[in-house]
Number of protein chains: 2
Amino acid sequence: MGPLLTRIKDSLPSLSEAEKKMGLYVLKQPELIPNMTTKELSQKSGTSESSVVRFCKSIGIGSFKSFKLELVKELAMNEEKLTDFNFLQDKSEPYDIFQKVTHVNTSAIEAIPTSLDRKEFQKAVHTVNHAERLIFYGVGGSATAAVDGYYKFTKLGYACTAHQDFHFLLSSIPYLKKNDVIMAISMSGKTKDVLELSRFAQKEGASVIAITNLDKSPLYKEADIRLCTPIVEHDYRIGSIPSRMTQLTIIDALYLSVFKTKGEDVLPQYHEARNEVIRLRR
Amino acid sequence: MGPLLTRIKDSLPSLSEAEKKMGLYVLKQPELIPNMTTKELSQKSGTSESSVVRFCKSIGIGSFKSFKLELVKELAMNEEKLTDFNFLQDKSEPYDIFQKVTHVNTSAIEAIPTSLDRKEFQKAVHTVNHAERLIFYGVGGSATAAVDGYYKFTKLGYACTAHQDFHFLLSSIPYLKKNDVIMAISMSGKTKDVLELSRFAQKEGASVIAITNLDKSPLYKEADIRLCTPIVEHDYRIGSIPSRMTQLTIIDALYLSVFKTKGEDVLPQYHEARNEVIRLRR
DNA sequence: AAATGTATGAAACTAAATTTCATGATGATC
DNA sequence: GATCATCATGAAATTTAGTTTCATACATTT
C-alpha cells in the first residue's frame with residue numbers, strides 16, 4: 001500500500017463518522033475513484049458531496065481533484081489489483097457496470113499465471129508448431145475463443161477448422177494425421193460434444209490440447225496437453241465473461257509464440273494479406 | 001518517454017496547426033498539465049479551449065479529464081516501459097511471451113475509460129434495450145467480437161444475427177424496424193463492408209452502434225452511437241490482439257447492463273437454458 | 001469564381017466541484 | 001434538567017471547469 005492509502009488508513013481513527021465511511025470506501029476500491037464524481041462517490045459511500053470534499057481536506061489534500069490525481073499517481077506505481085467479483089449485486093448504473101467489467105476482466109487475466117503451467121504451455125507451442133491441421137472446437141460461451149483461434153492460426157498458414165456442427169467435425173476426424181491437433185475449449189471440461197470429439201480424435205492418433213478450467217474434470221484428465229484457466233468466482237450474472245477472457249489470452253499467447261518460432265517463414269504471406277486488407281479499404 | 005508522450009510526438013505531423021501547438025506545449029512541460037484547466041492551457045499554448053479538447057480526441061483520448069489522468073499515470077511510472085512491443089524480437093521463451101500478452105491485454109482493457117464516453121455508453125444501453133433485432137457485424141479480427149455479442153444477446157432473448165456473409169446480411173436489412181440495431185465492429189472504422197452495411201441500415205431507419213477506435217474514421221463519423229476503443233500502440237506482430245480485448249469488454253459491459261435492466265423478465269428463460277446445459281453434460 | 005470542406009475560437013451550455021447555510025445531535029455549563 | 005455552544009452533516013446555492021455548438025475564416029477543389 002502506497003503512502004497516500006497508508007495515510008488514509010492511519011487517519012481513520014481521527015476522522016468524523018461521515019469521513020470515516022468515505023475513507024473505508026476509498027480503501028476498499030481505490031482504483032475506481034479517479035473516474036468518479038463527488039456525487040457518485042458520496043452516494044456509494046453513503047455520505048454527501050460536502051463530506052467528500054471535507055474528507056480530502058482532512059487527509060491533507062486541498063481539493064477532490066488533487067486527491068484524484070494523487071491517487072492515480074499512487075496506483076500507477078503499485079500495480080496491485082483486487083479480485084472481488086461480488087459487486088454486481090447492488091443497483092449499479094450502466095457506467096458502474098462497465099467499470100466493474102473492466103475490473104473483472106483484468107483480474108481474470110492477471111490470475112492466469114496461477115493456473116497455467118509453464119511446461120504444458122511450452123509443450124503446446126511445440127506441438128502446434130509441428131502440426132499441420134488444427135481443429136478448434138468450443139460450444140456456447142467457448143465458441144468465441146474457437147472462432148478467434150481459427151482466425152489467428154489461419155493467418156499463420158495452418159489448415160484450420162472451427163465449426164459449430166458436431167457431425168460435420170466428426171466426419172473430418174478420420175483424416176487427421178499424427179501431428180494434427182484438436183484444441184478442445186470448454187470451461188467446465190464436461191461438455192459432452194467436446195469430450196466425444198476429443199476421444200475420437202485421440203483414438204485416431206491426433207493430440208488434444210485442452211483449454212479448460214483447472215479442476216479434475218473429464219477433459220482435464222483425458223487431454224494430452226492442459227492449458228488451464230483459473231477458476232474465477234462465479235456469479236450467474238457475470239457468467240462466463242472472465243473465463244472467456246482467459247481462454248482468449250491463452251490463445252493469444254500461443255499464437256504469438258508460434259508466430260515467433262515460425263518467424264521469417266510466414267512473414268511474406270502475412271504481410272501480403274495485410275497489405276491487401278489495407279488496399280481494399282478505399 | 002512513456003507511450004503517451006511518444007504517441008503525441010508521433011502524431012504531431014498529422015495534427016492541425018492549433019493542435020500541434022498544444023502538442024508541443026504538452027511535450028515541453030508535461031508535468032504541469034495535470035493541474036491546469038482547459039482555459040489556462042489554451043492561453044499558455046496560444047490556442048482555444050475547444051482546441052484543447054479536440055487535441056485530446058485527436059490523440060485518441062476521449063476527454064481532457066481522462067487525458068490528465070493518463071498523463072499523471074505516465075509521469076508516475078516513467079521507469080517502466082510497459083507498452084514496449086519490441087520484446088518479440090529478442091529470444092523470449094514461450095512463457096515470457098505469455099506474460100507479455102497478459103500485460104498487453106490488461107493494459108488495453110484498463111485504457112478503455114479513456115476512450116469510452118459515458119453518455120454514449122448509456123445511450124447504447126438504452127437503444128439496445130428498446131431494440132428487437134440486433135445484427136452484429138465485424139470481419140477479420142472483429143469477427144470474434146461479433147460472434148461473442150451474438151451469443152450473449154441471444155441468451156437475453158434478442159433476435160440476433162452475426163454472419164460473415166455480406167450479401168446474406170444485406171438481404172435482411174430491409175426488414176429492420178425503427179428500433180433495430182446494427183452493431184458495427186471495426187477497429188479501423190474504414191472496413192468497406194461494415195460501412196456499406198451501416199449506411200444501408202441507416203437509410204432503412206435502423207440505428208448504428210459502432211464499436212471502433214477513437215479517431216476520425218468514416219464509421220466514427222457516421223454512426224449514431226459511438227463506443228470507442230482506445231488506440232493502443234500498434235505493432236504488426238501483436239496485430240489486433242489488444243483491440244479485440246477492448247471490443248469484447250465493451251460488449252460484456254453492454255450485455256450486463258442490458259441484462260440488468262431487463263432483469264427479472266429474462267431470468268426464467270435464462271435459467272431454463274442454463275439448467276438444460278448442465279443436465280446435458282452427463 | 002463558386003462551392004465545398006476544414007479548422008478555429010467565442011460563446012452557450014452542461015456537468016462537476018466547492019461553499020454556504022440550516023438543521024439536528026452532542027455535550028458542557030449554569 | 002434547561003440552556004447554550006459546538007460540531008458534524010447534507011441539501012441547496014454558487015462557482016468553476018469542461019464540452020459542445022455555431023459562425024466565421026481560411027484553404028482547397030472544380
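Chain identifiers are assigned alphabetically (A, B, ...) following the order of the sequence lines, protein sequences preceding nucleic acid strands; residue numbering begins at 1 within each chain. Worth saying up front: this structure is predicted, and the values here are computed from it rather than measured.
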With respect to the side chain of [X], which nucleotide from [options] is positioned closest?
X     : options               : result
A/E17 : D/dG18, D/dT9, C/dA17 : D/dT9
B/E49 : D/dT9, C/dA17, D/dT19 : D/dT19
A/A18 : D/dG18, D/dT9, C/dA17 : D/dT9
B/S51 : C/dT18, D/dG10, C/dG9 : C/dG9

[X] [atom1] to [N] [atom2]: how many Å, rounded?
X      : N      : atom1 : atom2 : answer
A/L69  : C/dA16 : CG    : C1'   : 15 Å
B/R54  : D/dT19 : CZ    : P     : 13 Å
B/Q122 : C/dA15 : CD    : C1'   : 13 Å
B/L41  : C/dG9  : CG    : P     : 12 Å
B/E40  : D/dT16 : CD    : P     : 13 Å
B/K57  : D/dT21 : NZ    : C1'   : 12 Å
A/F55  : C/dT18 : CZ    : P     : 14 Å

For the residue pair A/E49 and A/S42, confirm or rule out a side-chain donor-acceptor distance under 3.5 Å. no

[X] side chain N/O closer than 4.0 Å to the phosphate oxygens (OP1, OP2) of [N]?
X     : N      : value
B/S63 : D/dT19 : yes
A/T37 : C/dA16 : no
A/K68 : C/dA17 : yes
B/K39 : C/dG9  : no
A/S16 : D/dT9  : yes
B/S50 : D/dT19 : no

Suppose we call two aromatic rings close when their centres sit under 6.0 Å apart. Are B/F64 and B/F55 close by that rule? no

Between the side chains of [Y] and [X], is the shortest nitrogen-to-carboxylate-oxygen separation below 4.0 Å, so that they form an ion pair?
X      : Y      : answer
B/D252 : B/K152 : yes
B/D148 : A/R244 : yes
B/R118 : A/E40  : yes

5' priority, DNA chain C, between A/M36 and B/S48 [closest heavy atom]: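 Comparing both residues, the 5'-ward one is B/S48.
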
